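One structure is given here, and the rest of the page talks about it.
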Amino acid sequence: MVSQGSSPSLLEALSSDFLACKICLEQLRVPKTLPCLHTYCQDCLAQLAEGGHLRCPECRENVPVPPAGVAAFKTNFFVNGLLDLVRARAGGDLRAGKPACALCPLMGGASAGGPATARCLDCADDLCQACADGHRCTRQTHTHRVVDLVGYRAGWYDEEARERQAAQCPQHPGEALRFLCQPCSQLLCRECRLDPHLDHPCLPLAEAVRARRPGLEELLAGVDKNLAELEAARTVEKEALSRLREHAAKVGTQVEEAAEGVLRALLAQKKEVLGQLRAHVEAAEEAARDRLGELEGREQVARAAAAFARRVLSLGREAEILSLEGAIAQRLRQLQGCPWMPGLPPCLLPQLELHPGLLDKNCHLLWLSFEKQQLQKDSEKDGAGNQGGEETLGQREDEVKTERQGGIQPQSKGGAQTPKEDRAQLPQEDGAQTPKVERAQTPKEDRSQTPQEDGGAQTPRGGRSNKKRKFKGRLKSISREPSPAPGPNLEGSGLLPRPIFSCSFPTRMPGDKRSPRITGLCPFGPREILVADEQNRALKRFSLNGDYKGAVPVPEGCSPCSVAALQGAVAFSAGARLYLISPDGEVQWRRALSLSQASHAVAAMPSGDRVAVSVSGHVEVYNMEGSLATRFIPGGKASRGLRALVFLTTSPQGNFVGSDWQQNSVVVCDGLGQVIGEYGGPGLHGCQPGSVSVDKKGYIFLTLREVNKVVILDPKGSLLGDFLTAYHGLEKPRVTTMVDGRYLVVSLSNGTIHIFRVRSPDS
């Protein structure tokens with residue numbers, strides 16, 4: 001497709017599918033143009049016409065059929081001119097079945113002329129050498145351009161031949177269209193002008209085009225502006241959706257922090273709130289996808305019309321431009337009148353609300369409220385000084401932190417409170433009181449001091465019991481920055497890395513026959529990942545932005561399971577075999593593995609020239625030539641039992657990290673198989689450990705599929721806490737990998753991939 005604002009070349013128009021009918025997929029025959037500026041064969045349109053109407057196959061616009069039938073649709077002289085040029089270039093093979101001279105039969109009476117070696121661009125005739133020499137010597141044709149036929153067929157003279165083309169009058173064969181009748185807006189040849197249009201004011205085609213081109217260019221510029229608005233609206237919608245996801249992740253973190261400190265009675269309410277938030281995000285995403293689809297459809301229709309008009313204005317002859325001028329102008333006006341900026345409904349952001357009486361089992365301690373999201377256009381109005389009384393980001397974060405410590409709702413900027421907003425004055429950390437905004441109070445706004453964590457319970461206001469008292473801790477900040485870092489980790493040795501959502505995308509491609517089943521992930525080149533789709537027997541490449549980069553061919557019949565990228569090669573397990581292939585799919589070697597194991601985990605060594613594979617309680621390491629470099633049992637033969645490493649990875653420090661389903665633990669070994677650390681405690685929630693990944697500092701990220709979590713362990717295998725939860729969009733996480741040591745890639749069971757940037761605590 002021609003980009004916005006650029007002029008297409010003649011070679012582009014001749015070599016692209018512009019001259020192909022989108023219905024029969026063949027070269028256009030008797031091209032007819034619909035009011036929406038899409039062109040099809042006359043016979044193909046006749047098959048679509050039904051009940052006096054037909055629907056355009058591309059833009060789905062309903063078009064009335066003229067009373068005279070589809071033949072009355074406007075003939076596309078522009079396409080006809082290009083088709084004549086294509087047919088003349090493709091008219092015969094010079095090595096077999098040479099074209100004959102067009103003038104020899106006229107002079108000698110022979111049934112067939114001699115072999116043609118030249119072509120007259122003015123007469124559009126193939127000529128033999130003798131006729132070509134004579135053609136240059138006559139008074140009437142000595143100015144004609146005669147060129148070599150081989151060069152003409154090769155396309156050397158396309159531009160010149162196009163300039164000398166003349167549209168033929170459909171009423172008087174052999175007569176070129178030369179004039180435009182202004183009252184009738186009709187193209188005329190000399191014969192047409194002498195008959196019914198003799199008294200009408202007429203203009204030569206070149207002069208008429210000069211007069212009407214500015215109007216068409218102005219309309220085209222208007223549509224280009226509308227296209228820019230469509231693109232901007234699409235960008236705003238995507239940014240709003242991204243902010244929603246990030247804010248949902250923030251609120252999810254707050255929910256998790258609040259829920260960890262309460263009794264078991266809170267677990268049922270926690271589950272309810274999680275489900276409510278997930279349902280809201282899914283509904284918002286579905287609505288956003290619908291709006292994006294509508295915007296993209298409108299953009300495609302407008303872009304196609306603009307591209308057609310630009311082609312006609314850039315490449316069309318005068319007669320062709322004028323013949324299509326009315327249809328193009330009508331379509332461009334119609335597109336300009338469309339509402340390009342549909343109303344974008346505000347996206348409701350979830351808000352976490354807490355109750356002060358956290359020990360009261362009978363009261364709802366957690367629920368969600370929603371706040372209108374400020375779109376990017378509004379946020380751009382805020383200056384560096386945050387004019388207009390808006391709170392700064394730091395003030396909002398301090399406000400949230402104060403709410404969490406003191407347990408009270410911050411004062412709103414809007415004045416009066418809602419009936420639920422029972423508030424109390426909250427001392428700040430430095431002892432200063434928070435200033436109150438002068439405003440009217442509702443009867444329920446009787447404030448009292450909020451009890452501190454170490455204090456006793458206050459008497460309920462107005463006789464209300466603790467069951468009905470509600471604390472609302474609104475999270476005002478809707479910044480795209482991550483949530484504030486939590487306190488010290490479980491080991492008390494520092495702060496945890498935090499996730500920052502980057503993007504999310506599906507892995508199902510148009511050629512897939514089944515839903516993807518991702519069983520392996522690995523980094524692949526700069527800012528790319530390789531996805532093993534066992535269900536569709538494919539190794540798919542994606543960028544970290546979700547762009548599909550193609551596939552690495554796999555041997556026929558192979559279903560890749562685990563995958564690892566080496567130096568200029570890809571290793572993967574399939575069934576009971578380990579394969580090493582080149583990026584173009586050539587098998588370099590294959591090795592048989594144990595038949596007693598259903599799947600084999602594969603991991604690349606940090607050096608990039610060896611691959612490790614888990615085989616029946618052992619770890620085997622192969623070099624690039626396929627030779628076994630080393631083989632060891634994790635923990636040695638004296639370990640407490642045979643291990644089954646279902647997932648395996650390596651750390652930048654050269655250690656092995658695996659999920660042991662036999663011992664139901666995560667084990668960390670050095671390069672010789674000696675166990676450095678192991679974890680199988682209650683932090684696994686009774687789940688079998690899943691996929692493991694390691695960042696550049698050695699932190700271990702472990703997937704717990706059954707509870708929709710990714711937990712984090714230190715380099716020696718000690719549990720530190722949760723890294724990702726259901727609030728981050730995890731729905732049955734399956735496989736993970738680490739890219740560049742700082743991007744965690746998580747695949748879900750439905751084939752979707754989420755990418756998070758790992759923010760280290762010291763960044």
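Bear in mind that the values here come from a model prediction, so they are computed numbers and not experimental data.
A distance-only check finds no donor-acceptor pair linking the side chain of T39 to the backbone of L34 [under 3.5 Å]. A distance-only check finds no donor-acceptor pair linking the side chain of E678 to the backbone of C669 [under 3.5 Å]. Under a 3.5 Å cut-off, the side chain of T235 and the backbone N or O of E231 do form a donor-acceptor pair. In terms of modelled atom types and a separation under 3.5 Å, the side chain of D722 and the main chain of V711 share no donor-acceptor contact. No donor-acceptor pair closer than 3.5 Å links the side chain of S651 to the backbone N or O of V694. A donor-acceptor pair under 3.5 Å is formed between the side chain of N708 and the backbone N or O of K732. When atom types are taken as modelled, the side chain of D695 and the backbone of Y699 share a donor-acceptor pair closer than 3.5 angstrom. Using a distance-only test at 3.5 Å, with no hydrogens or angles considered, no donor-acceptor pair links the side chain of D512 to the main chain of R514. With hydrogens and angles disregarded, a donor-acceptor distance shorter than 3.5 Å links the side chain of S562 to the backbone of V602. A donor-acceptor distance shorter than 3.5 angstrom exists from the side chain of W661 to the backbone of P689, with no hydrogens or angles considered.
Of all heavy-atom pairs between L37 and A305, the closest is CD1-O, 4.0 Å. Of all non-hydrogen atoms in G608 and L566, the two that sit nearest each other are O-CB, 3.4 Å. Of all heavy-atom pairs spanning C561 and S599, the tightest one is SG-CB, 3.8 Å. Nearest heavy-atom pair across P560 and L539 is CB-CD2, 3.7 Å. Annotation for R234 and L292: closest pair CG-CD2, 3.7 Å, computed over non-hydrogen atoms. The heavy-atom pair separating P733 from L748 by the smallest distance is CA-CD2, 3.9 Å.
In this structure, CD1 in I700 is found 9.5 Å from OG in S659, a value given to the nearest 0.5 Å. M738 contributes atom CE, which lies 13.0 Å from atom CD1 of I529 (distance to the nearest 0.5 angstrom). Distance check: L724 CG to T703 OG1 gives 8.5 Å after rounding to the nearest 0.5 Å. Taken to the nearest 0.5 Å, the OG atom of S504 stands 5.0 Å off from the CZ atom of R245. Here the OG atom belonging to S607 is positioned 7.0 Å from the CD atom belonging to Q567, to the nearest 0.5 angstrom. Interatomic distance, Y679 OH to D714 CG, rounded to the nearest 0.5 Å: 11.0 Å.
The pair E731-R278 counts as a salt bridge, with a side-chain nitrogen and a carboxylate oxygen less than 4.0 angstrom apart. A salt bridge does not link R757 with D740: every distance from a Lys NZ or Arg NE/NH1/NH2 to an Asp or Glu carboxylate oxygen is 4.0 Å or more. Remark: R55 does not engage E50 in a salt bridge, criterion side-chain N to carboxylate O under 4.0 Å. Under the 4.0 Å criterion applied to side-chain N and carboxylate O atoms, R298 and E294 are assigned as salt-bridge partners.
Inter-residue side-chain proximity for C56 and H38 is flagged as met; some heavy-atom pair is nearer than 4.5 Å. Using a 4.5 Å heavy-atom threshold, the side chains of T507 and T752 count as separate. Counting heavy atoms from C-beta on, the side chains of H280 and P350 come closer than 4.5 Å. Using a 4.5 Å heavy-atom cutoff, the side chains of L580 and V611 are not in contact. Contact of the I753 side chain with the V745 side chain is registered, since non-hydrogen atoms from C-beta on lie closer than 4.5 Å. N623 has its side chain out of reach of D609: every pair of non-hydrogen atoms, C-beta onward, lies at least 4.5 Å apart. Put simply, the side chain of V710 does not reach to within 4.5 Å of the side chain of L704, judged on heavy atoms. Here the side chains of R577 and R591 are not in contact, with every heavy-atom distance at 4.5 Å or above.
R517 pairs by the side-chain hydrogen bond (donor to acceptor under 3.5 Å, both in side chains) definition with E534, not counting sequence neighbours. Residues meeting the side-chain hydrogen bond (donor to acceptor under 3.5 Å, both in side chains) test with H600, sequence neighbours left out: none. Under the side chain to side chain contact (heavy atoms under 4.5 Å, CB included) criterion, A565 pairs with C522, F524, not counting sequence neighbours. Residues that satisfy the side chain to side chain contact (heavy atoms under 4.5 Å, CB included) test with K549, not counting sequence neighbours, are E528, R541, S543, D547.
For residues 554-574, every residue pair satisfying the ring pair (Phe, Tyr, Trp, His ring centres under 6.0 Å) rule, not counting sequence neighbours, is listed here: F572-Y579. Applying the ring pair (Phe, Tyr, Trp, His ring centres under 6.0 Å) test to pairs two or more places apart or on separate chains, none has a residue in residues 728-755.
Side chains of T630 and R610: no donor on one and acceptor on the other come within 3.5 Å. Residues S693 and T736 bring a donor and an acceptor atom of their side chains to less than 3.5 Å of each other.
When the options S747, P516, S559 are evaluated for a side-chain contact (heavy atoms from CB on, under 4.5 Å) with D533, the one that passes is P516.
Between F701 and F756, the gap from one ring centroid to the other reaches at least 6.0 Å.
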Exercise. Going through the checks in order, is the side-chain contact (heavy atoms from CB on, under 4.5 Å) test met by L530 and L521?
Worked result: CA-CA 6 Å; L530 195 60; L521 288 172; over 6 Å; no
For this session: Evaluate the criterion side-chain contact (heavy atoms from CB on, under 4.5 Å) for residue pair H685 and K709; output intermediate values, then yes/no.
Result: CA-CA 10 Å; H685 302 280; K709 282 188 178 183; 3.6 Å; yes
Problem set entry | L702/L684 under side-chain contact (heavy atoms from CB on, under 4.5 Å): CA gap, chis, key distance, verdict | CA-CA 9 Å; L702 171 65; L684 300 183; 3.5 Å; yes
For this session: Go through the steps to decide whether Q688 and N664 satisfy the test side-chain contact (heavy atoms from CB on, under 4.5 Å), and finish with yes or no.
Result: CA-CA 6 Å; Q688 285 185 319; N664 205 40; 3.7 Å; yes
For this session: Run the numbers on E58 and Y40 for side-chain hydrogen bond (donor to acceptor under 3.5 Å, both in side chains), then give the verdict.
Result: CA-CA 11 Å; E58 292 183 71; Y40 306 99; 3.0 Å; yes
Exercise. When you look at R508 and S515, which way does the side-chain hydrogen bond (donor to acceptor under 3.5 Å, both in side chains) test go after all the steps?
Worked result: CA-CA 7 Å; R508 182 162 190 171; S515 298; 3.2 Å; yes
